[in-house]
Amino acid sequence: MVDKNKNKRGPKIKEQPKARLPKQGVDIENYKQLPVCWQIGNIDWASPWGKETILGKVKFNFSNSLFEKIASCEDKNIDCEALNKALEELEGKTFNNAHDFIKSLNKKFSGPIPSSILHELFYELSHKYFFDTLYPLIQDRENATWHEIDTATRSNGKSNSHNILVTDLCKEARDRLDELKYEISELYSLRLGGTLRIFGIRIYNYAEFNLQMQQNSD
């Protein structure tokens, strides 16, 4: 997501999006001493980075919404009955990652799968992985202050979490921000562990982590 060929520069906020600000009486100069406050309800699942986060183990559950999506498919080239049977055989099984799940599905169902149904599959797998694996990692940081998060470092001395200028992002990420109509100059990158990061907008002690997630960053 980040263009590593660009030089790092100090962050500047061009325009602040709407967000919850500290209560009156709070010294905003010392906001980093406050406990973190964030929103994670609008993760951008439609972006490549949202889908790429489901690299961990996933368990497939054949949901009613997915069943209804297949049942409503009007493409006569799709064997909906065979697709349903294949998915039922994978029900309740755990896979090393979403890509392994798709490989297993292709072995049981050789016909074409509409993009709308594939999107629904990845959407459900993403949600499950997020709430089973990522959400607990985010919760673990809710007792920390932003100062503690900002100053945490890895063994090599690099910071775990920091601001990233939008101009330092790859073109695909910048285009996605334009599609989402975010007029901002920087994102905050929060490291959850290993190479897993979640990106969002931080204003004082409040952050909206509703953009992209990424698991192949260093």
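Just the heavy atoms: all of them, side chains too, but no hydrogens, waters or symmetry mates, feed the values below.
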Got a sec, which residues hit side-chain hydrogen bond (donor to acceptor under 3.5 Å, both in side chains) with Arg141, two or more places apart in sequence or on another chain?
->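 By the side-chain hydrogen bond (donor to acceptor under 3.5 Å, both in side chains) rule, Arg141 matches no residue at all.
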
Excluding sequence neighbours, so at least two apart, what forms side-chain hydrogen bond (donor to acceptor under 3.5 Å, both in side chains) with Glu142?
->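 Testing Glu142 for side-chain hydrogen bond (donor to acceptor under 3.5 Å, both in side chains), a comparison that skips the adjacent residues, returns Trp38.
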
If the condition is side-chain contact (heavy atoms from CB on, under 4.5 Å), which residues does [X] pass it with, not counting sequence neighbours?
{"X": "Glu88", "answer": "Phe62"}
{"X": "Ser63", "answer": "Ser65, Leu66, Glu124"}
{"X": "Asn77", "answer": "Asp75"}

Answer yes or no: is there an ion pair linking Lys171 with Asp175, defined by an N-O contact shorter than 4.0 Å?
->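 A salt bridge links Lys171 with Asp175.
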
Electrostatic pair Asp79:Lys85 at N-O distance under 4.0 angstrom =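 Salt bridge flag = no for Lys85 with Asp79.
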
Nearest 0.5 angstrom please: [X] [atom1] to [Y] [atom2], how far?
{"X": "Trp146", "Y": "Thr151", "atom1": "CH2", "atom2": "OG1", "result": "12.0 Å"}
{"X": "Asn84", "Y": "Ile70", "atom1": "CG", "atom2": "CD1", "result": "4.5 Å"}
{"X": "His162", "Y": "Leu187", "atom1": "NE2", "atom2": "CG", "result": "11.5 Å"}
{"X": "Glu183", "Y": "Asp178", "atom1": "CD", "atom2": "CG", "result": "9.0 Å"}
{"X": "Ser185", "Y": "Leu165", "atom1": "OG", "atom2": "CG", "result": "6.5 Å"}
{"X": "Leu190", "Y": "Ile138", "atom1": "CG", "atom2": "CD1", "result": "7.0 Å"}

Is any side-chain heavy atom of Val36 less than 4.5 Å from a side-chain heavy atom of Thr145?
->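 Val36 does not reach Thr145 side chain to side chain.
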
Asp168 side chain reached by Glu186 side chain, heavy atoms, under 4.5 Å =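 Sidechains of Asp168 and Glu186: no contact.
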
Scan the side chains in residues 101-117 for donor-acceptor partners under 3.5 Å anywhere in the protein, sequence neighbours excluded, and list what turns up.
residue	atom	partner	partner atom	Å
Ser104	OG	Asp100	O	3.1
Asn106	ND2	Ile102	O	3.3
Lys108	NZ	Glu89	OE1	3.2

What's the verdict on side-chain contact (heavy atoms from CB on, under 4.5 Å) for Ile164 and Phe199, showing C-alpha distance, side-chain angles and the deciding distance?
-> CA-CA 9 Å; Ile164 297 178; Phe199 295 82; 3.7 Å; yes

Is it the case that more than 12 heavy atoms not belonging to Glu91 sit under 6.0 Å from its CD atom?
->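 Counting other residues, nucleotides and ligands, CD of Glu91 exceeds 12 neighbours.
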
Evaluate the criterion side-chain contact (heavy atoms from CB on, under 4.5 Å) for residue pair Val166 and Tyr182; output intermediate values, then yes/no.
-> CA-CA 11 Å; Val166 169; Tyr182 280 100; over 6 Å; no

For the residue pair Tyr135 and Asp140, confirm or rule out a side-chain donor-acceptor distance under 3.5 Å.
->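 On atom types as modelled, these side chains do not qualify, holding no pair under 3.5 Å.
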
Least distance between heavy atoms, Phe95 atom then Leu90 atom =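 In terms of heavy atoms, the two residues are closest at CZ-CD2, 3.9 Å.
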
Is there a donor-acceptor pair under 3.5 Å between the side chain of Arg202 and the backbone N or O of Ser189?
->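 Side chain of Arg202 to backbone of Ser189, a donor-acceptor pair under 3.5 Å: no, none is there.
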
side-chain hydrogen bond (donor to acceptor under 3.5 Å, both in side chains) between Ser161 and Arg191, intermediate numbers included | CA-CA 5 Å; Ser161 306; Arg191 184 169 180 254; over 6 Å; no

